[in-house]
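To start, the structure itself, in structure tokens.
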Number of protein chains: 2
Amino acid sequence: MGTTEDGGDAEEAGAGVGAGLGAVPGAGLGAGAGEGAAEGASARLLKLFESHRLTPTQRRIAHCLVRRSADAPFLSSVEVAELAGVSQPSVTRFAVALGFDGYPALRRHLREVAPVRPGPEAAPYNEYQQAVHAEIENLRHLAALLADPAPVARAGAVLAASRPLPVLGLRAAGAQARGFAYFAAKVHPDVRLLDEGGTMFADRVDGAVRAGASALLCFALPRHPREVVEALTYARHAGLTVVTVADSAFAPVAACSDLLLPAAVGTGLAFDTACAPMLLGRVLLESMCDHLPDAQASLEEFDARAAARGLFTD
Amino acid sequence: MGTTEDGGDAEEAGAGVGAGLGAVPGAGLGAGAGEGAAEGASARLLKLFESHRLTPTQRRIAHCLVRRSADAPFLSSVEVAELAGVSQPSVTRFAVALGFDGYPALRRHLREVAPVRPGPEAAPYNEYQQAVHAEIENLRHLAALLADPAPVARAGAVLAASRPLPVLGLRAAGAQARGFAYFAAKVHPDVRLLDEGGTMFADRVDGAVRAGASALLCFALPRHPREVVEALTYARHAGLTVVTVADSAFAPVAACSDLLLPAAVGTGLAFDTACAPMLLGRVLLESMCDHLPDAQASLEEFDARAAARGLFTD
DNA sequence: TTGACTCTGCATGAATCCATGCAGCATTGG
DNA sequence: CCAATGCTGCATGGATTCATGCAGAGTCAA
């Protein structure tokens with residue numbers, strides 16, 4: 001068991017503190033595109049470390065903390081010791097040497113200085129701005145989700161193949177369904193908006209199925225009406241493939257959907273904001289267009305007619 | 001059950017879990033920030049959670065883990081419990097429910113699935129992601145605009161004072177108007193949605209004015225129908241104060257609006273995305289609530305009735 | 001060479017974290 | 001209406017992590 005790794009230790013022994021650490025952030029974190037916060041934190045860490053006289057082992061620990069500044073603030077002293085190739089007590093002594101009460105205190109400090117998640121950099125945002133930023137965060141999640149376009153592509157293919165295409169959205173989600181249907185109708189020959197529940201819903205689903213529908217798109221946003229679950233259940237029994245855009249993968253409609261695409265809603269205001277679901281709907285529409293060969297032609301024809309009628313001001 | 005987690009075999013206990021883990025590639029990265037890499041894994045996390053039946057508390061934990069996917073893999077069960085607002089044993093039970101041998105095993109799994117270690121990426125965004133980031137930029141502009149809430153406050157006061165309150169949105173903007181009207185009706189006694197133009201529009205404006213309307217809210221998005229300009233002109237001549245949410249301060253409707261609030265639309269996809277206008281609409285609604293003393297009571301009454309009717313699943 | 005000094009890992013008590021039995025509460029079905 | 005079931009938080013024993021005393025090794029100066 002490697003009790004001592006003096007060989008590895010020696011390589012750093014000669015390096016000055018400032019030099020040895022100063023080279024780190026550029027090499028380790030510079031690649032990360034927008035991680036300015038962490039880099040700034042690294043600079044602060046370096047200041048913290050440089051102002052103390054550190055032993056070779058401690059320098060090694062510091063080096064490790066800077067290099068792994070992303071996750072180091074969450075590791076235990078044992079884990080840091082393993083990563084740095086030192087003993088666990090050395091990590092504790094390192095923390096004490098820097099003036100902390102112990103390793104947990106150092107870790108707390110690292111979490112505050114190098115916030116992985118938020119930027120509590122003096123944010124006097126008002127209520128509205130906070131809501132907007134919360135939605136930005138939701139969109140970030142959506143963007144990350146779209147890194148893999150396969151689910152969207154599958155959904156687009158399924159929806160494009162359905163003639164007619166029923167689009168369901170009840171209550172709060174009605175507006176989303178309507179927005180989708182408005183644009184979808186420009187490229188799809190038969191979009192049927194289902195924004196009312198009740199007994200008529202089954203009739204219209206039956207009608208769509210008789211007309212040849214094979215899939216249904218559902219927007220499901222909180223608060224989730226019980227009716228939506230019933231509607232989807234009916235649609236599936238009628239033989240439709242259900243594609244759902246929901247606020248969460250754990251939404252009540254998940255169980256009665258064949259393909260669920262999550263997009264969080266914003267809850268920072270009195271009423272929910274559905275930016276991400278709307279955007280996801282448009283993305284879905286784009287994907288549908290890829291499976292509708294006549295889409296481009298339809299759009300151009302619409303433009304021509306609109307121009308002829310003087311429909312728009314531009 | 002393994003006494004120590006260093007066995008390395010503990011986290012493979014669950015069959016389905018192991019499968020989900022095996023599909024982890026090291027390349028799937030999306031967002032620019034360091035946490036983006038971790039978020040890219042949130043899709044895989046969702047898959048993991050989806051395949052299990054979860055209790056409400058467990059869903060909260062899952063939500064928390066997804067939302068904080070950057071640092072959650074390094075938190076203790078106590079910390080996760082605090083973030084999720086549940087008890088610590090619930091976190092342990094959550095891990096067991098997913099097929100792990102305990103919380104440490106789940107944490108190990110999360111660390112492997114969502115490596116914070118940001119790979120050397122020049123991750124080129126795909127088309128969808130570019131559109132999402134463009135909308136994020138729009139929201140940033142909106143947030144900057146909202147630094148001064150005075151215009152929104154003025155608009156909210158004007159709209160709240162109008163009984164009834166006509167809400168206009170034609171064609172593409174119809175969905176926005178509808179979404180606003182749906183929520184507004186919960187706090188305002190008489191919201192009238194005008195989402196159709198034609199000759200009926202003037203009739204309905206006249207009706208609203210006779211009923212006491214003093215203001216009108218208009219959503220104006222591209223492409224701007226000529227009809228909207230005509231409608232607003234008519235509404236102003238009828239004595240209504242026109243508040244407009246438009247995609248630009250230079251929109252064609254600017255000339256016939258008393259108060260114009262700009263919110264850009266996204267044009268990165270085949271069809272426009274109106275995240276910022278939607279958000280601005282909700283902000284406007286929030287501001288309206290501040291001028292409607294009965295708003296809170298109305299909402300609570302609605303909640304009570306909805307609960308009595310079993311309208312929603314939650 | 002020798003002595004003093006410093007540094008480091010090992011071992012062990014203290015503190016914290018994790019897992020499980022138990023009781024209270026809500027929901028469902030009869 | 002009641003019983004049964006499942007879910008959740010509280011309390012507690014076991015396991016892990018942290019902090020500190022101790023001894024060996026290296027360094028430097030006399």
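What you see is a predicted model, and the numbers here were worked out from it, not measured in a lab. Quick note on labels: first sequence line is chain A, next is B, and so on, each numbered from 1.
- Separation of atoms CZ (R282(B)) and SG (C289(B)) is listed at 11.5 Å; rounding is to 0.5 Å.
- Between the side chain of R107(B) and the main chain of F74(B), no donor-acceptor pair closer than 3.5 Å is present.
- When the P atom of dC18(C) is taken as reference, atom CZ of R108(B) falls 14 Å away, rounded to whole Å.
- One atom, CZ of R60(A), and another, P of dC7(C), lie 17 Å apart when rounded to the nearest Å.
- One atom, CZ of F94(A), and another, P of dA19(D), lie 13 Å apart when rounded to the nearest Å.
- We find that CZ of F74(B) is positioned 15 Å from P of dT17(D), with the value rounded to whole Å.
- Listed by first and then second residue, the side-chain hydrogen bond (donor to acceptor under 3.5 Å, both in side chains) pairs that reach into residues 240-254 of chain A are H224(A)-D247(A), T244(A)-S257(A), S248(A)-H63(B), sequence neighbours excluded.
- Between the C1' atom of dT20(D) and the CG atom of D101(A) lies a distance of 15 Å, rounded to the nearest Å.
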Compile the donor-acceptor pairs under 3.5 Å between side chains in residues 263-276 of chain A and protein atoms, sequence neighbours left out, one pair per line.
unit_1	atom_1	unit_2	atom_2	d
T273(A)	OG1	E135(A)	OE2	2.9
T273(A)	OG1	G266(A)	O	3.4

Can you tabulate the close N/O pairs, meaning under 3.5 Å, that link protein atoms to atoms of nucleotides 4-8 of chain D?
unit_1	atom_1	unit_2	atom_2	d
dT8(D)	OP1	T55(B)	OG1	3.4
dT8(D)	OP1	T57(B)	N	2.8
dT8(D)	OP1	T57(B)	OG1	2.6
dT8(D)	OP2	T55(B)	OG1	2.6
dT8(D)	O5'	T57(B)	OG1	2.9

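- Here the P atom of nucleotide dC18(C) and the CG atom of L75(B) are 10 Å apart, to the nearest Å.
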Using a cut-off of under 3.5 Å, enumerate the N/O to N/O pairs linking the protein to nucleotides 12-17 of chain C.
none

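- Between H109(B) and F100(B), the ring planes lie tilted relative to each other; the angle falls in the 30° to 60° range.
- Shortest non-hydrogen contact noted between L259(A) and P151(A) is CD2-O, 3.9 Å.
- Here R178(B) pairs with D195(A) under the salt bridge (Lys or Arg N to Asp or Glu O under 4.0 Å) rule; sequence neighbours left out.
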Throw together a table of side-chain donor-acceptor distances under 3.5 angstrom for residues 89-97 of chain B, partners on residues two or more places apart or in other chains.
unit_1	atom_1	unit_2	atom_2	d
S90(B)	OG	S87(B)	OG	3.1
T92(B)	OG1	Q88(B)	NE2	3.4

